Amino acid sequence: MQAPGSGITPGGGGRLSVLQRHLTAVPVSGQVATATYSPNFRYTLDNNLLTPEQRQFYEENGFLVIKNLVSHKDIDDFRDVFEKVCRKELTAPGMLVMRDVAIAKSEYVPDQKAITKVQDFQELPGLFRYCSLPQILQYVECFTGPNIMSMHTMLINKPPDAGKKTSRHPMHQDLHYFPFRPEDRIVCAWTAMERIDRSNGCLVVLPGTHTGVLKQHDYPEWEGGVNKMYHGVRDYDPNIPRVHLAMEKGDTVFFHPILIHGSGMNKTAGFRKAISCHYASADCYYIDVKGTSQENIEKEVIEIAKKRYGVEAEISLKDAWMAKARVAQGERLNL
């Protein structure tokens, strides 16, 4: 893996120097390894795709960028489907089309200028094709094993910030939303649909935080408001060095669900697009989140589900996720 990020903030001491060395030293996929590494890998599996350097990098940092993984043609096809969704020419059961909190209802127009995210597109073949791309799945298998479930799908259309900073996404851990475990067999694939850098709100990660625990999440107290379900970590060490992931069209980052990450404002006049899927091993299992830090997100998800689908019966966070889980490769087992 070549340098996946830039703009590392000061702080972190020795940790920062080690990270900087890795960011410039880890090769792209397929480069021959010349060093000896510990065989005691926890977060990656040995299937002869990742080099020892790449596995070591993910083990230590919780993310890995693979350059130019998705073709420009595929990305352009996904963009065309997204635009049809925005124009209401395409729809699918369960799909959620979201707008930015700063966009008033009076300003609503059916095009991409009003849409910030398309979520749960598992029933829309034109977008779900991303989740089954062979070149994506071969890397996903390095983290999940051969039986792979697609659990959560998103196409993010980060808008130009309206001046209220609502285009930011607070620092968070994706596991906060997931009622399934073990976390080490879950991974996100996140692909840039155009050049993404600090000017238009690239991903920001806190390397190494994937080795920690799931933290309490709440809505941040931001002046301009926060988009629905944009929860943030209540408390984390501000001295951990941040890495801004500058990516080109087609670059894909794979990251662990406990890795603390977020994204900044889009300071440009254009929309910043990315497409992603969270995958889990089919051997994962559902948990009851009652009595845990995830109770608040369960309550919110259930309220939304009941409102959208007119459900009167009692449902759980597990029920909501079971409904949208799809086989991406292999067999459906526990999930």
Side-chain angles (χ1 to χ4, degrees), residues 1 4-16 18-20 22-23 26 42-44 56-65 117 143 151-152 154 156 158 165 167-190 192 196-198 201-222 226-227 229-247 252-265 274 276-280 289 292-297 300:
M1 183 182 78
S6 61
I8 302 174
T9 58
R15 168 73 181 161
L16 180 56
V18 170
L19 177 62
Q20 289 173 319
H22 276 297
L23 287 173
V26 180
R42 168 182 168 181
Y43 303 103
T44 58
Q56 186 76 14
F57 187 91
Y58 188 90
E59 293 283 328
E60 294 181 5
N61 297 288
F63 69 96
L64 183 70
V65 175
K117 185 186 294 185
F143 309 99
M151 301 302 294
H152 186 224
M154 290 191 300
I156 305 110
K158 185 187 281 284
K165 301 182 180 181
S167 66
R168 294 177 295 174
H169 198 302
M171 301 300 282
H172 65 284
Q173 298 165 298
D174 289 338
L175 193 68
H176 170 64
Y177 299 92
F178 303 157
F180 43 91
R181 301 291 188 276
E183 56 267 30
D184 293 346
R185 298 284 75 89
I186 303 169
V187 71
C188 179
W190 192 100
I196 296 178
D197 55 27
R198 296 186 72 169
C202 64
L203 284 182
V204 182
V205 300
L206 302 188
T209 51
H210 68 300
T211 63
V213 297
L214 180 61
K215 296 180 177 292
Q216 180 70 43
H217 286 60
D218 299 294
Y219 280 112
E221 296 178 358
W222 285 355
V226 185
N227 287 306
M229 294 208 296
Y230 275 33
H231 292 191
V233 173
R234 177 183 289 178
D235 179 42
Y236 61 88
D237 184 357
N239 295 318
I240 297 175
R242 297 186 177 199
V243 174
H244 293 79
L245 298 184
M247 299 167 65
T252 302
V253 59
F254 298 89
F255 60 91
H256 191 280
I258 290 185
L259 183 76
I260 297 176
H261 66 287
S263 64
M265 284 189 297
S276 72
C277 179
H278 280 88
Y279 299 90
V289 301
T292 75
S293 67
Q294 293 179 260
E295 270 193 318
N296 61 348
I297 192 65
E300 193 164 334

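The first residue in the sequence is number 1, and the count goes up from there. Since we're looking at a predicted model, the values are computed, not measured. Hydrogens, waters and symmetry mates are skipped; everything else that's a heavy atom, side chains included, is used.
Residues Phe143 and Tyr58 bring their aromatic ring centres within 6.0 Å.
The distance from atom NE2 of His217 to atom CG of Leu175, rounded to the nearest 0.5 Å, is 8.5 Å. For the atom pair CD1 of Ile240 and CD1 of Ile260, the computed distance is 6.0 Å after rounding to the nearest 0.5 Å. Of the inter-residue distances, the one linking Thr209 atom OG1 with Phe63 atom CZ reads 9.5 Å to the nearest 0.5 angstrom. Note: Arg198 CZ to Leu245 CG = 11.5 Å, rounded to the nearest 0.5 Å. Atoms OG and NE2, from Ser276 and His152 in turn, are 7.0 Å apart once rounded to the nearest 0.5 Å.
Across all non-hydrogen atoms, the minimal contact from Asn61 to Pro207 is OD1-CB, 3.5 Å. Smallest separation of non-hydrogen atoms from Gly62 and His210: N-CE1, 3.2 Å. A pairwise comparison of heavy atoms in Ile258 and Leu214 identifies CD1-N, 4.4 Å as the closest pair. The shortest heavy-atom contact between Thr211 and Glu59 is CG2-O, 4.5 Å. Taking both residues in full, the closest heavy atoms of Ala280 and Met151 are given as CB-CG, 3.8 Å, listed atom of the first, atom of the second, then distance. Closest heavy-atom contact between Val204 and Met171: O-CE, 3.9 Å.
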Worksheet item: Should Ile196 and Trp190 be marked as a side-chain contact (heavy atoms from CB on, under 4.5 Å) after you check the CA-CA gap, both sets of side-chain angles, and the distance that decides it?
Response: CA-CA 12 Å; Ile196 296 178; Trp190 192 100; 3.7 Å; yes

Worksheet item: What's the verdict on side-chain contact (heavy atoms from CB on, under 4.5 Å) for Asn296 and His176, showing C-alpha distance, side-chain angles and the deciding distance?
Response: CA-CA 10 Å; Asn296 61 348; His176 170 64; 3.3 Å; yes

Item to complete: Evaluate side-chain contact (heavy atoms from CB on, under 4.5 Å) for Tyr43 paired with His256, printing each intermediate quantity in order.
Response: CA-CA 8 Å; Tyr43 303 103; His256 191 280; 3.7 Å; yes

Item to complete: Apply the test side-chain contact (heavy atoms from CB on, under 4.5 Å) to residues Asp197 and His244: give CA-CA distance (whole Å), side-chain angles for both, the deciding distance (0.1 Å), then the verdict.
Response: CA-CA 8 Å; Asp197 55 27; His244 293 79; over 6 Å; no

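Using a 4.5 Å cut-off on side-chain heavy atoms (C-beta onward), Val187 and His278 make no contact. Contact check for Phe178 versus Ile186: side-chain heavy atoms found under the 4.5 Å cut-off.
Contacts of Asp184 classified as salt bridge (charged side-chain N to carboxylate O under 4.0 Å, His left out), with partners at least two apart in sequence or in another chain: Arg42. Remark: Glu295 pairs with Lys290 by the side-chain contact (heavy atoms from CB on, under 4.5 Å) rule, at least two apart or across chains. For Phe255, the ring-ring contact (aromatic ring centres under 6.0 Å, His included) partners at least two apart in sequence or on another chain are His261.
In this structure a side-chain-to-backbone donor-acceptor pair under 3.5 Å is present from Gln173 to Lys215.
Using modelled atom types, one finds a donor on one side chain and an acceptor on the other under 3.5 Å when comparing Ser263 with Lys158. Defined by atom type and a distance below 3.5 Å, a donor-acceptor pair is present between the side-chain atoms of His172 and Asp174.
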